[in-house]
Amino acid sequence: MKSKFKDMIFVKGGKYKPYFTDDEKEVFDLEVCRYQTTQKMWLEVMENNPSKFKGIYKPVDTVTWWQALEFCNKLSEKYNLEPVYDLSKKRMLMINQLGEEKASPDLADFKKTKGFRLSTEVEWEWFVRGEQIAIDE
């Protein structure tokens, strides 16, 4: 499969038992960026560069988790996608689900989102354990 977004690849999902639970979890097929977010990418979306270690092709650094969520939302808006995160209430994150009520991250169904977002803990562990199969065409 070919992504319509630059530098994105498809990752095949599957089932596994994360280290933090005895329950089997499922990771669905999804697209992920093949690179860390560079300062160039951040500048194009956020119009500032907060990084301490400057270099447009270096990863962006010294950003907070909330700033990363804002970046995801602005990137979604750039591509006319519904932002995943409702950031209107600081300290209380909600997920915008298409056609449904907003939900807390632990109850949200991320298959009902279309915008850019950070990986969940389950997805991240799936990637780093090497259990994914990247489809790179």
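In this text, all values refer to a predicted model and were calculated from it rather than measured experimentally.
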Side-chain donor-acceptor distances from residues 53-60 under 3.5 Å, at least two apart:
residue: Lys54; atom: NZ; partner: Asn49; partner atom: O; Å: 2.9
residue: Lys54; atom: NZ; partner: Ser51; partner atom: O; Å: 2.8
residue: Lys58; atom: NZ; partner: Lys54; partner atom: O; Å: 3.4

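Taking Ile, Leu, Val, Met, Phe, Trp and Tyr as hydrophobic and joining them when side-chain heavy atoms fall under 4.5 Å apart, one finds Met94 in a cluster with Met92.
With sequence neighbours excluded, the residues satisfying side chain to side chain contact (heavy atoms under 4.5 Å, CB included) with Glu123 are Val27, Leu30, Arg117, Ser119, Thr120, Phe127. For Glu77, there are no side chain to side chain donor-acceptor pair (under 3.5 Å) partners at least two apart in sequence or on another chain. Shown here are the side chain to side chain donor-acceptor pair (under 3.5 Å) partners of Glu44, two or more places apart in sequence or in another chain: there are none. Contacts of Asp109 classified as salt bridge (charged side-chain N to carboxylate O under 4.0 Å, His left out), with partners at least two apart in sequence or in another chain: Lys112. Residues meeting the side chain to side chain donor-acceptor pair (under 3.5 Å) test with Lys40, sequence neighbours left out: none. Scored by the side chain to side chain donor-acceptor pair (under 3.5 Å) test, Asn48 finds Trp42 as partners (sequence neighbours excluded).
Note that CE of Met41 and CG of Leu43 are 11.5 Å apart. Values are rounded to the nearest 0.5 Å. Distance check: Glu100 CD to Ile95 CD1 gives 13.0 Å after rounding to the nearest 0.5 Å. Taken to the nearest 0.5 Å, the CZ atom of Phe71 stands 8.5 Å off from the NZ atom of Lys78. How far CH2 of Trp126 is from CD of Glu121: 15.5 Å, rounded to the nearest 0.5 Å.
The ring pair (Phe, Tyr, Trp, His ring centres under 6.0 Å) contacts involving residues 73-122 comprise Phe5-Tyr79, Phe5-Phe116, Tyr79-Phe116, where partners must be two or more places apart or lie in separate chains. Sorted by first and then second residue, the pairs that involve residues 21-32 and meet salt bridge (charged side-chain N to carboxylate O under 4.0 Å, His left out), not counting sequence neighbours, are Lys12-Asp29. Note on residues 79-88: pairs passing salt bridge (charged side-chain N to carboxylate O under 4.0 Å, His left out), not counting sequence neighbours, are Asp86-Lys102.
In this structure, the side chains of Lys114 and Ser76 stay at 4.5 Å or more apart for every pair of heavy atoms. Side-chain atoms of Leu87 and Leu93, non-hydrogen and from C-beta on, do get closer than 4.5 Å to each other. Using a 4.5 Å heavy-atom cutoff, the side chains of Leu118 and Leu69 are in contact. Here the side chains of Met46 and Gln67 are not in contact, with every heavy-atom distance at 4.5 Å or above.
A pairwise comparison of heavy atoms in Val63 and Pro50 identifies CG1-CG, 3.5 Å as the closest pair.
Side chain of Tyr35 to backbone of Met8: no donor-acceptor contact under 3.5 angstrom is found. Side-chain atoms of Asn73 never come within 3.5 Å of backbone atoms of Pro83 as a donor-acceptor pair (strictly under, hydrogens ignored).
At most 12 heavy atoms of other shown residues, nucleotides or ligands fall within 6.0 angstrom of atom CH2 in Trp124.
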